[in-house]
2 protein chains.
Amino acid sequence: MATIYEVSKLAGVSLATVSRVLNNNTPVKEETRLKVLAAMEELGYQPNSVAQSLASNRSNSIGILVPELNGPFFGTLLSDIENSFRQAGKHVIIAAGHSDEKLEKESISFLQSRNCDALILHVEAVTDEYLVELMEKKVKFVLINRFVPQLYDRCITLNNQHGGYLATRHMLEHGHQNIGYISGPIWKHDAEQRYKGHLRALTEFGIPHSEQLFYEGDYHEESGALGTKALLQKASEITAIVCANDEMAAGALTAARELGRSLPDGLSIIGFDNVNFSHYTFPKLTTINYPMGEMGKMAAQLILKRVYQQNNSSIQTVFEPHLIERDSVSRP
Amino acid sequence: MATIYEVSKLAGVSLATVSRVLNNNTPVKEETRLKVLAAMEELGYQPNSVAQSLASNRSNSIGILVPELNGPFFGTLLSDIENSFRQAGKHVIIAAGHSDEKLEKESISFLQSRNCDALILHVEAVTDEYLVELMEKKVKFVLINRFVPQLYDRCITLNNQHGGYLATRHMLEHGHQNIGYISGPIWKHDAEQRYKGHLRALTEFGIPHSEQLFYEGDYHEESGALGTKALLQKASEITAIVCANDEMAAGALTAARELGRSLPDGLSIIGFDNVNFSHYTFPKLTTINYPMGEMGKMAAQLILKRVYQQNNSSIQTVFEPHLIERDSVSRP
DNA sequence: TAGTATGATGTAAGCGCTTTCATTTGTAAC
DNA sequence: GTTACAAATGAAAGCGCTTACATCATACTA
């Protein structure tokens with residue numbers, strides 16, 4: 001592999017000049033620029049990014065930490081983030097935190113040890129305090145799907161409460177009065193907010209809330225099935241179930257069918273997230289859209305702007321969910 | 001951030017010694033080692049990986065190129081690869097090639113410019129010759145889901161033909177005689193092989209093959225629906241459809257229902273891949289398992305062994321698919 | 001014509017490590 | 001107490017770049 005030195009010799013200029021045309025940050029006479037470019041071309045020169053990083057104290061790499069790499073959820077996020085950075089000549093290093101505090105912390109220091117210029121974190125287990133400390137240590141990062149007051153200007157979030165509200169309102173507008181709710185782990189911020197939205201819709205329609213109608217799941221399919229069975233046993237008058245995510249909704253669909261309910265007439269079900277498989281279910285799942293891709297793009301823009309001083313588009317930090325109507329909800 | 005120099009001063013030894021305890025590659029007296037470790041601890045020293053890379057000509061990073069980051073397919077692959085490397089202290093840089101020749105080539109040189117020690121490629125559009133040239137240029141890489149004779153010892157593949165055979169045989173064993181086939185783009189190697197397996201099973205059971213029963217899709221849901229409609233129109237006696245992947249099978253399920261066929265009695269359908277959503281369909285999809293995760297792990301092992309001289313476990317290059325029986329196949 | 005900005009280029013000092021080679025220290029044999 | 005050899009350590013030269021600073025030519029002013 002040719003080095004900058006060989007290019008400079010061939011072009012008959014100094015190292016510094018080659019570096020200047022490479023980085024395009026200091027004026028170089030057009031004539032010299034062309035000579036240098038020709039020399040690069042001739043040698044098939046490719047700058048060594050490691051050396052560039054060491055000298056400039058910039059790695060041009062961004063670390064991404066998500067709970068899981070598999071599963072239906074994070075593909076879009078990663079895809080859109082990678083795309084944005086790729087266009088800007090940056091690259092992406094990935095790690096999975098598995099919603100575990102220790103693993104999340106390890107992953108963060110792993111990414112730091114890789115000299116990432118910035119991190120995009122989708123963390124769940126780590127405390128707010130930890131994140132604030134991280135900020136105080138001058139670590140550059142953006143939070144996705146989590147709001148920490150002290151970090152307000154680097155949080156890209158979904159209005160989860162509004163999403164929960166929309167889901168339940170949709171059921172209420174269809175005339176349902178007995179609505180079961182299958183929640184995610186309530187210690188997770190998004191689960192809590194979605195549930196709050198649910199309660200708000202109920203209040204707005206003057207429907208009292210009952211403990212009987214609540215089930216706390218774990219966001220996985222199985223708990224959706226379990227929850228459905230539990231709810232329907234406790235309160236068979238239920239005509240609709242709001243699930244805090246699509247996976248649990250899929251489980252609910254299966255369980256309802258097993259219990260002999262026809263769908264959607266015998267039981268209406270709504271999900272949340274609009275993951276890639278949600279229209280493969282039968283009936284196709286009505287759900288709340290989570291604009292993961294958009295949010296990923298925005299996180300990338302934010303970093304491009306703040307860390308690399310590229311890009312001046314304005315930054316949006318809160319995204320609004322919306323209803324996706326398909327076939328799993330009808331009148332009772 | 002503390003540097004190796006500060007550690008050496010604090011410990012009262014030379015740079016070289018600190019480097020030695022860090023890399024553990026040259027004997028160091030236990031007493032000195034402890035002094036050095038204590039100094040590192042005290043300063044919270046973290047080696048600068050960029051400097052390490054430059055000096056050692058090793059980046060400890062592996063580039064992964066897959067067709068898509070989203071979609072149900074590559075999450076598991078990435079997840080298992082990341083995991084394996086993480087444990088070995090390496091990290092993973094990702095890129096998407098979108099099954100496009102130009103993009104695939106760009107991505108490869110992008111990853112190379114990032115000084116990856118090795119690449120794991122899941123490419124589709126690039127030619128065999130290109131890959132052979134890459135090898136001749138001494139680029140270290142492993143191919144996933146693609147077999148190139150000259151590169152036989154660095155190809156991790158699935159026995160796609162056997163998979164296709166298993167799928168069709170399953171239908172035949174259930175007594176189906178008129179079996180439609182919805183293929184992937186036949187220029188793709190895996191699509192071709194799966195189809196060959198289908199034909200082999202047919203031959204084995206003495207069933208003649210007819211053009212009427214073949215439809216070439218594009219591996220996406222919609223073409224599964226289109227294909228089903230086309231096949232059922234051309235040959236309404238069809239009682240089973242073999243689909244070359246799960247997404248098309250999902251489309252087939254929907255289309256069959258729209259056409260008034262009951263499932264699976266009125267039409268049996270089988271998929272291929274066993275992607276994450278395949279048990280969310282209704283009826284739950286019978287399919288052929290694709291051990292993506294295993295294959296990813298193996299690719300990582302291969303690189304760990306050949307490039308980093310770690311790990312001595314034996315390498316398996318061909319993986320066998322197997323049948324996953326669920327609810328979408330019955331007797332005609 | 002000398003004096004002074006201005007733009008273009010060169011010089012050289014790092015960035016934080018690894019690694020070769022030379023040197024010192026410790027140990028055992030005589 | 002020498003000598004011989006192995007083990008442990010240190011000195012210093014890079015790895016391929018960026019960038020502060022110095023230098024040089026050119027063009028303009030007075």
Side-chain angles (χ1 to χ4, degrees), chain A residues 1-40 43-61 89-91 112-117 308-309, chain B residues 1-40 43-61 89-91 112-117 308-309:
Chain A
M1 198 84 253
T3 71
I4 199 174
Y5 176 69
E6 301 169 42
V7 174
S8 77
K9 265 207 316 203
L10 182 58
V13 298
S14 73
L15 288 191
T17 303
V18 178
S19 172
R20 281 173 192 126
V21 351
L22 210 51
N23 293 296
N24 204 24
N25 51 9
T26 310
V28 171
K29 212 203 292 179
E30 193 54 24
E31 192 190 321
T32 358
R33 170 192 308 285
L34 292 176
K35 272 195 307 194
V36 172
L37 289 176
M40 286 180 176
L43 294 171
Y45 172 71
Q46 280 272 65
N48 178 324
S49 67
V50 173
Q52 288 182 311
S53 298
L54 184 60
S56 65
N57 200 25
R58 278 256 188 93
S59 66
N60 285 315
S61 68
K90 319 288 176 204
H91 72 268
Q112 282 186 273
S113 80
R114 253 51 204 177
N115 295 75
C116 294
D117 295 334
Y308 297 110
Q309 283 77 44
Chain B
M1 200 83 251
T3 72
I4 199 175
Y5 177 68
E6 300 169 44
V7 174
S8 77
K9 267 207 315 202
L10 183 58
V13 299
S14 73
L15 289 191
T17 302
V18 178
S19 172
R20 281 174 192 126
V21 349
L22 211 51
N23 294 296
N24 205 22
N25 51 10
T26 309
V28 170
K29 213 204 292 177
E30 192 55 22
E31 191 189 324
T32 357
R33 171 193 308 286
L34 292 176
K35 271 194 307 192
V36 172
L37 289 175
M40 287 181 177
L43 295 170
Y45 171 72
Q46 281 272 65
N48 178 323
S49 68
V50 172
Q52 287 182 312
S53 299
L54 185 60
S56 65
N57 200 25
R58 279 258 188 93
S59 66
N60 285 314
S61 67
K90 319 287 175 206
H91 72 267
Q112 283 187 275
S113 80
R114 253 52 204 177
N115 295 74
C116 294
D117 294 335
Y308 297 110
Q309 283 78 44

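These values consider heavy atoms only, across backbone and side chains, with no hydrogens, waters or symmetry-generated copies. Fair warning: this is a prediction, and the values are worked out from it, not measured in the lab. To find a chain, count down the sequence lines: A is the first, B the second, and so on, and within it residues start at 1.
Following rounding to the nearest Å, B/Asn57 (CG) and D/dG14 (P) show an atom-to-atom distance of 16 Å. Rounded to an integer number of Å, the gap from A/Leu15 CG to C/dT9 P is 15 Å. As a whole-Å value, the separation of A/Leu54 CG from C/dA13 P is 17 Å. Atoms OH (A/Tyr5) and P (D/dT18) sit 17 Å apart, rounded to a whole Å. If you measure from atom NZ of A/Lys35 to atom C1' of C/dA8, you get 12 Å, rounded to the nearest angstrom. Across the protein-nucleic acid pair, B/Asn115 atom CG and D/dG16 atom P stand 10 Å apart, rounded to whole Å. Spacing between atom NZ of B/Lys29 and atom P of D/dG10 amounts to 10 Å, rounded to whole angstrom units. Between A/Glu30 atom CD and C/dG7 atom C1' the separation is 15 Å, expressed in whole Å.
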Applying side chain to side chain contact (heavy atoms under 4.5 Å, CB included), run through B/Glu6 and B/Tyr45 and close with a yes or a no.
CA-CA 9 Å; B/Glu6 300 169 44; B/Tyr45 171 72; over 6 Å; no
One pair to check against side chain to side chain contact (heavy atoms under 4.5 Å, CB included): B/Thr3 and B/Asn48. What are the steps and the verdict?
CA-CA 8 Å; B/Thr3 72; B/Asn48 178 323; over 6 Å; no
Before giving the answer on side chain to side chain contact (heavy atoms under 4.5 Å, CB included), spell out for B/Tyr308 and B/Asn60 the whole-Å C-alpha distance, their side-chain angles and the decisive distance to 0.1 Å.
CA-CA 9 Å; B/Tyr308 297 110; B/Asn60 285 314; 3.8 Å; yes
If you apply the rule side chain to side chain contact (heavy atoms under 4.5 Å, CB included), what do you find for A/Arg33 with A/Thr17, and how did you get there?
CA-CA 8 Å; A/Arg33 170 192 308 285; A/Thr17 303; over 6 Å; no
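Heavy atoms of other residues, nucleotides or ligands lying less than 6.0 angstrom from CD of B/Glu31 number 12 at most.
A/Tyr45 has a side-chain polar atom (N or O) that falls below the 4.0 Å cut-off from OP1 or OP2 of D/dC17. Applying the 4.0 Å criterion to OP1 and OP2 of D/dT18, one finds that A/Gln52 has a side-chain N or O inside that range. Regarding contacts with the backbone of D/dT18, a side-chain N or O of A/Ser19 is found under 4.0 angstrom from either OP1 or OP2.
Of the inter-residue distances, the one linking A/Cys116 atom SG with A/Arg58 atom CZ reads 14.0 Å to the nearest 0.5 angstrom.
Here C/dT9 is the nucleotide among C/dT9, C/dG16, D/dC17 with the atom lying nearest to any side-chain atom of A/Arg20. The side chain of B/Asn25 approaches C/dT19 more closely than any other nucleotide in the set C/dT18, C/dT19, D/dG10. Closest approach to the A/Asn48 side chain among D/dT9, C/dC15, D/dC17 is made by D/dC17 (side chain taken as heavy atoms from C-beta onward). Nearest to the side chain of B/Thr32, among D/dT9, C/dC17, C/dT11, sits D/dT9. Residue B/Ile4 has its side chain nearest to C/dT18 when only C/dT18, C/dA8, D/dT18 are considered. Nearest to the side-chain atoms of B/Ser14 among the listed nucleotides C/dG14, D/dC15, D/dA11 stands D/dA11.
Between the side chain of B/Ser53 and the main chain of A/Val50, no donor-acceptor pair closer than 3.5 Å is present.
Counting heavy atoms from C-beta outward, A/Leu22 and A/Met40 have side chains that approach closer than 4.5 Å.
Across its full length, the helix from C/dT1-D/dA30 to C/dC30-D/dG1 shows an angle of 50° between the axes of its 5 terminal pairs at either end, rounded to 10 degrees.
B/Val50 comes within contact range of no nucleotide atom at all, as no heavy-atom separation falls under 4.0 Å.
For the pair B/Ser56 and B/Gly12, both in contact range of DNA chain D, the more 5′-proximal nearest nucleotide belongs to B/Gly12. Both B/Ala51 and B/Thr17 lie near DNA chain C, and the one whose nearest nucleotide falls closer to the 5' end is B/Ala51.
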